[in-house]
S.K.: 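Below are the structure tokens for one structure; questions will follow.
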There are 2 protein chains.
Amino acid sequence: MDQPPRPPTIDDVAKAAGVASSTVSRAFSRPGRVSFETSERIHRVAAELGYRTTSLARALPGGTTSMIALAISDITNPFYYEIIRGAQSAASEAGYTILLADTQESGTHERATLDRAVATVDGIVLATTRMSDSAIRMTAKQRPVIVLNRAVSDVPCVITDNPRGVRRAVEHLAELGHQRLTYLAGPEASWADGMRWRSLRETAMELELHVRRLGPFPPTVAGGARAAAEFAAHPTSAVVAYNDLVAIGAIRALTAMGARIPRDVSVIGFDNIFTAELVTPPLTTVAAPLAAMGRTAVGNLLAIVRGARPRAQAPVTLPCRLIVRRSTAHRRRYRTSPAWATTSVSGSADSAGRSTDAGSR
Amino acid sequence: MDQPPRPPTIDDVAKAAGVASSTVSRAFSRPGRVSFETSERIHRVAAELGYRTTSLARALPGGTTSMIALAISDITNPFYYEIIRGAQSAASEAGYTILLADTQESGTHERATLDRAVATVDGIVLATTRMSDSAIRMTAKQRPVIVLNRAVSDVPCVITDNPRGVRRAVEHLAELGHQRLTYLAGPEASWADGMRWRSLRETAMELELHVRRLGPFPPTVAGGARAAAEFAAHPTSAVVAYNDLVAIGAIRALTAMGARIPRDVSVIGFDNIFTAELVTPPLTTVAAPLAAMGRTAVGNLLAIVRGARPRAQAPVTLPCRLIVRRSTAHRRRYRTSPAWATTSVSGSADSAGRSTDAGSR
DNA sequence: CTGAAAGCGCTAACAG
DNA sequence: CTGTTAGCGCTTTCAG
């Protein structure tokens, strides 16, 4: 009839070592404040008993848990892999644990998840949130928050330099002789999408290219396929997709329709996810420093958690770079509309217009 | 001079509502045990004050946190995406939160991570652990544990039917006329790897095929590339890779060497990760029910957490199925070794052989 | 340097 | 149904 094998408490150790529990506590947290001898003995006894500090109880008085939440919109999106990895390593280096919250591309679901997490964690990084700015600020009032991939005033943010990335992409396309671009848009709630589209328009204007927007589409391969279907009705020689997944989906669908990439249409994606270099053709893309983003976000968050004054002013901006692979190529001039396009009835007229245009350079 | 805006406690609510704190507690946890009127008032007051139960403190007495840990070997591996997703949804449906622990393919790192988590969570899912059986049983003694992708006696497990999957793969290859297979092995610490290799050998023997093993290799695209380099020295017409990543890496490397897949060598992977159908050629693979695995693991874990007797006997086995895509094809008969193989000196003679061969079909 | 005592926010066990 | 009284395991004053 042995007593239930509940884990030893600090009091058990204290008793066994013949000291007060407060001393044991000190021995574990403030190594200097206890005599070497005593400390030694306590640690020995503790080890024998198999004592382990209970992070939970420890958290109670101060209210700090050494956990931070990482909220992402869809764990199925490869975009997050490296981000999570970076966040994870930064967190664990600092002795923090990551609570993963998949918010499934839904603002309401996200709020609910966060509501639960908010009480448990010391801080939150909102990667690609779909919440409104005000909802974000609301949350930020309760806990330290860092927003990744989006700029929200009054809340510290980490973003990538979308305008520059877009510019690189457009310049690249322009150099290849493309004059009309189509943007395959991502989710409406996406800040990055707005950013990219705006930059795209501005840059295109500057470089005197024509640009059109299709969408919104889900930021997935399936979304890309849908985008391709719309695109095919009025194709252009170049496409900029909201992200790599959409780009890949579009390429697949286009290829299935008989188009050849990049010969018939050049495609550029964003993010440089793992899969981007594995597909055929390997994807030209605006690469984001994924791991660094996760790492930076967590780093800054922890700084705030530890009492640094959040510099909410200018978002931290990480550079991105264009990686040219094989999904982009010189524009070919068509006399007539491409064979693969779905230009049904009115399409042909249209395409005639376009081909004229193409020749009139 | 307002007091520090610390979140309202249960006592604040109690005072404001003019009841005892225990009543408030009851109003929140045991809805029936409090008069409708009182409950009503309490909830109203609580809402006004912005009161939220502190899961942490709540956890203290009973010691249960409504969190479960999901330990995975490498978050960068797409294999986990759907598993995490499945686990996440099962957990959140049950009101549990997931603590993600990336153990970075290292048994020791894994133990350390777990040691920290073990005190915080109500249960643990070990997906693809690299720990020893005894270490696992050790952990299982402290907390409810469910092992995913591995069978460990005395610990409840969820696995996929590797033998059957392997059999399907080998039969498929045999039907295509292949007689010699190469297995590209995964990490030595991987249970699945051992399982697959053993099944492969047995099935091959039964079907009178010849099979050889190369490796171990890291379970990544890079690992696959390395595997390909070794493989090229003595190629066979068919390859079974430890997982899709290795398969993809091998295909890429082989292609770079000039081999054509599946014409020159047929390749089969395992898992059916997201990327498998996106690469060229789309990968033939033994698909695991990823989401179901995550879901089942969490479901069973929670059952145990809630007091079910763990049925540690037979592991729960989930079916898998062969998905035939384009990376496998009929074997072509070589007279001599193929041109692309790294058989250096004799190499040139080979290519002649191969072209001859091509015509001799 | 060490001990005693007072909580952290909440729940459980008793009495009313 | 509701209030009172103990703690949960640890940290933190405040005195020695």
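Just the heavy atoms: all of them, side chains too, but no hydrogens, waters or symmetry mates, feed the values below. Below, read A as the first sequence line, B as the second, and so on, with proteins coming before strands; counting in each chain starts at 1.
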S.K.: Just to confirm, is there a sub-4.0 Å distance from OP1 or OP2 of D:dT2 to any side-chain nitrogen or oxygen of B:Ser35?
M.R.: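 Yes, within the criterion.
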
S.K.: Taking all non-hydrogen atoms of both residues, which atom of B:Asp102 and which atom of A:Gln88 are closest, and how far apart?
M.R.: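 Nearest pair, atom of B:Asp102 first, then A:Gln88: N-NE2, 3.5 Å.
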
S.K.: How close or far is atom C1' of C:dG9 from atom CG of B:Leu49, stated in whole angstroms?
M.R.: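 Distance check: B:Leu49 CG to C:dG9 C1' gives 15 Å.
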
S.K.: Please check this pair: side chain of A:Ser29 against backbone of A:Ser25, looking for a donor-acceptor N/O pair closer than 3.5 Å.
M.R.: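 Yes, because the side chain of A:Ser29 sits within donor-acceptor range (under 3.5 Å) of the backbone of A:Ser25.
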
S.K.: Give a yes or no on whether B:Arg306 atom CZ has more than 12 heavy-atom contacts from other residues, nucleotides or ligands under 6.0 Å away.
M.R.: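 Yes.
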
S.K.: Check the distance between C:dT2's P and A:Phe36's CZ and give it to me in whole angstrom.
M.R.: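 About 13 Å, once rounded to whole Å.
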
S.K.: For the pair made of NZ in A:Lys15 and C1' in C:dG3, what is the distance, rounded to whole Å?
M.R.: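 Atom-to-atom, A:Lys15 to C:dG3, this comes out as 15 Å.
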
S.K.: Does the pair B:Glu188/B:Arg130 count as a salt bridge with the N-to-O cut at 4.0 Å?
M.R.: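 The answer is no: the pair does not qualify as a salt bridge.
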
S.K.: Taking atom P of D:dC8 as reference, at what distance in whole Å does atom CG of A:Leu60 sit?
M.R.: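 The distance from CG of A:Leu60 to P of D:dC8 comes to 13 Å, rounded to the nearest Å.
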
S.K.: Tell me the interatomic distance from A:Arg33, atom CZ, to C:dG3, atom C1', rounded to whole angstroms.
M.R.: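 To the nearest whole Å, that distance equals 16 Å.
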
S.K.: Between C:dT11 atom P and B:Leu56 atom CG, what is the distance in whole Å?
M.R.: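 Taking atom P of C:dT11 as the reference, CG of B:Leu56 is at 12 Å.
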
S.K.: Please collect all side-chain hydrogen bond (donor to acceptor under 3.5 Å, both in side chains) contacts where either partner lies in residues 135-144 of chain B, sequence neighbours excluded, each pair once.
M.R.: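 Qualifying pairs: B:Arg137-B:Ser153.
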
S.K.: Just to confirm, is there a sub-4.0 Å distance from OP1 or OP2 of C:dC10 to any side-chain nitrogen or oxygen of B:Thr54?
M.R.: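 Indeed, a polar side-chain atom of B:Thr54 lies that close.
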
S.K.: C:dC1 C1' sits how many Å from A:Arg41 CZ, rounded?
M.R.: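 These atoms are roughly 13 Å apart.
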
S.K.: Report, as a single string ordered 5' to 3', how protein heavy atoms within less than 4.0 Å touch nucleotides 11-16 of chain D: B base, S sugar-phosphate only, - not at all.
M.R.: BBB---

S.K.: Nearest whole Å is fine: how far is C:dG9 C1' from B:Asp12 CG?
M.R.: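 That distance rounds to 10 Å.
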
S.K.: Identify the heavy atoms of A:Arg295 and A:Ser89 that sit nearest to each other, and give their distance.
M.R.: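 Minimum heavy-atom separation between A:Arg295 and A:Ser89: NH2-OG, 2.5 Å.
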
